[in-house]
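What follows is a short report on a single structure.
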Amino acid sequence: MTKHLKLALIAAASVSLLAVPAQAHRAWLLPSATVLSGTDAWVTVDAAISNDLFYFEHHALQLDNLSIMGPDGKAVTPENVAKGRFRSTFDVKLAEPGTYKVMVVNHGAFASYKLDGQNKRWRGKADQLATGIPANATDVKISETQGRIESFVTSGKPSTDTLKPTGTGLEMVPVTHPNNLFAGEKATFRLVLDGQPASGVNVEVVPGGIRYRDKLNDTKVTTDESGTFSVTWPGPGYYWMSASVRDDKSKIKNAQRRNSYAVTVEVLPQ
Amino acid sequence: MRLLITAALSTLAAGSSLAAEATISVDIPQLNVAEYHKPYVAMWLESADGGKITNLAVWYDVKHKDNEGTKWLKDMRQWWRRTGRELTMPADGLSSPTRAPGTHQLTFDAAAKPLNGLTPGNYQLVIEAAREVGGRELLRVPFEWPPKAPATAQAKGESELGTVALKLTP
């Protein structure tokens, strides 16, 4: 098969809404604890992009688009934000009881084009596209990328207001509360794309601790027509779940859209 | 976990004229460890289907300044998910300080709170212990309420709890 034919097939495959193969690297947020009690609860969250979960061995995760939503729906300011070589880190004071959502939501664009017979690539924010790509460029292919990386922590009694989706991009709506997960029990979640059920999407579930075992031990599940999927946790620990889809619903003209979602959850022993 | 149920009919029959009650005896084992903290212990009753929870006692570090001892309540993780996270600590008649190694007895009057709220049926006494820088253990003792005859039931722990015995007097 020639290189051109391969590229054509890849381009054709990405037109409709379909699952995309997992990325080589995994982006994650890892809270120091997810279930807390007491009057002065804090968590430290590590944020990194790595191969093995949950070891910081590749890149620190950019925190430019970090936000934290408190149980009352208001933004919580992260404290002690720092970026190291392999990980970023920040603290969250859980001043009120309830469930907090920690998220890094990235929105950007990616383009490939030809200029004077040479292949070029461009990456940036969607609104910089017009100036980023030369006017005389040809064969312009644009992808809009929406990525969401999340984790949840609860102080005291779990609350549910923070679990509501924003209605933009690919999101997970917990049916089972994400801070009430126990080994051997089944948990149910829904994936939504722009607030609508994301059906037929593959979700990869990977337990942490990869460095000390030979097999990935991942589970793949597919969402049903209501976007729902379930996981029965084989054992306690942190898990990473991710999914991504492509469609042509980009707000950018003639662009493909790639949506990805990743979440870290903690499963407690019985 | 070994489980032993005996209906002690002969000797306890004489006690039937007394008020109905439940006595729980909990053995906190002496441990030979470098850093020892008295365990946090929670005791509760669960209906057979796990649906109804009746709290009996919570032992935690109530003397810690600014109620900071509540930080480790979640380590009793089954109690925490079932009922602990819904409560405000300290709680009158429920919480008390941690106890030293030895055997501790608690007696509950059937006619008073919280036992007077129990509908007839099958229950489990659940006891969960979690120790700072140590381990955690949970034991279950099944029983029927109200008791038709004097009865005892017990479970034996392997690490954080010794024998937990339940004595029911009709």
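Across every non-hydrogen atom of B:Leu73 and A:Ser37, the tightest pair is N-OG, 3.4 Å. A:Thr39 and B:Asn67 get closest at one heavy-atom pair: OG1-O, 4.2 Å.
Comparing B:Glu68, B:Gln78, B:Lys74, B:Arg77 by heavy-atom pairs within less than 4.5 Å of chain A, the highest count is held by B:Arg77. For chain A, the option among B:Glu86, B:Met89, B:Lys71, B:Arg136 with the highest count of heavy-atom pairs below 4.5 Å is B:Lys71.
Residue A:Pro97 does not touch chain B at all, counting heavy-atom pairs closer than 4.5 Å. Using a 4.5 Å cut-off between heavy atoms, B:Trp80 touches chain A through its side chain atoms alone. In this structure, chain A has a heavy atom under 4.5 Å from the backbone of B:Asp66, while its side chain stays farther away. Contact annotation for A:Asn180: both backbone and side-chain heavy atoms come within less than 4.5 Å of a heavy atom of chain B.
Electrostatic pairing of B:Arg81 and A:Glu185 counts as a salt bridge here, judged by a charged N lying under 4.0 Å from a carboxylate O.
Within a 6.0 Å sphere centred on CZ of A:Arg85, other residues, nucleotides and ligands contribute 12 heavy atoms or fewer. Around atom CD of B:Glu21, more than 12 heavy atoms belonging to other residues, nucleotides or ligands sit under 6.0 Å away.
Put simply, the side chain of B:Arg85 never gets that close to the backbone of A:Pro158: no donor and acceptor are under 3.5 Å apart.
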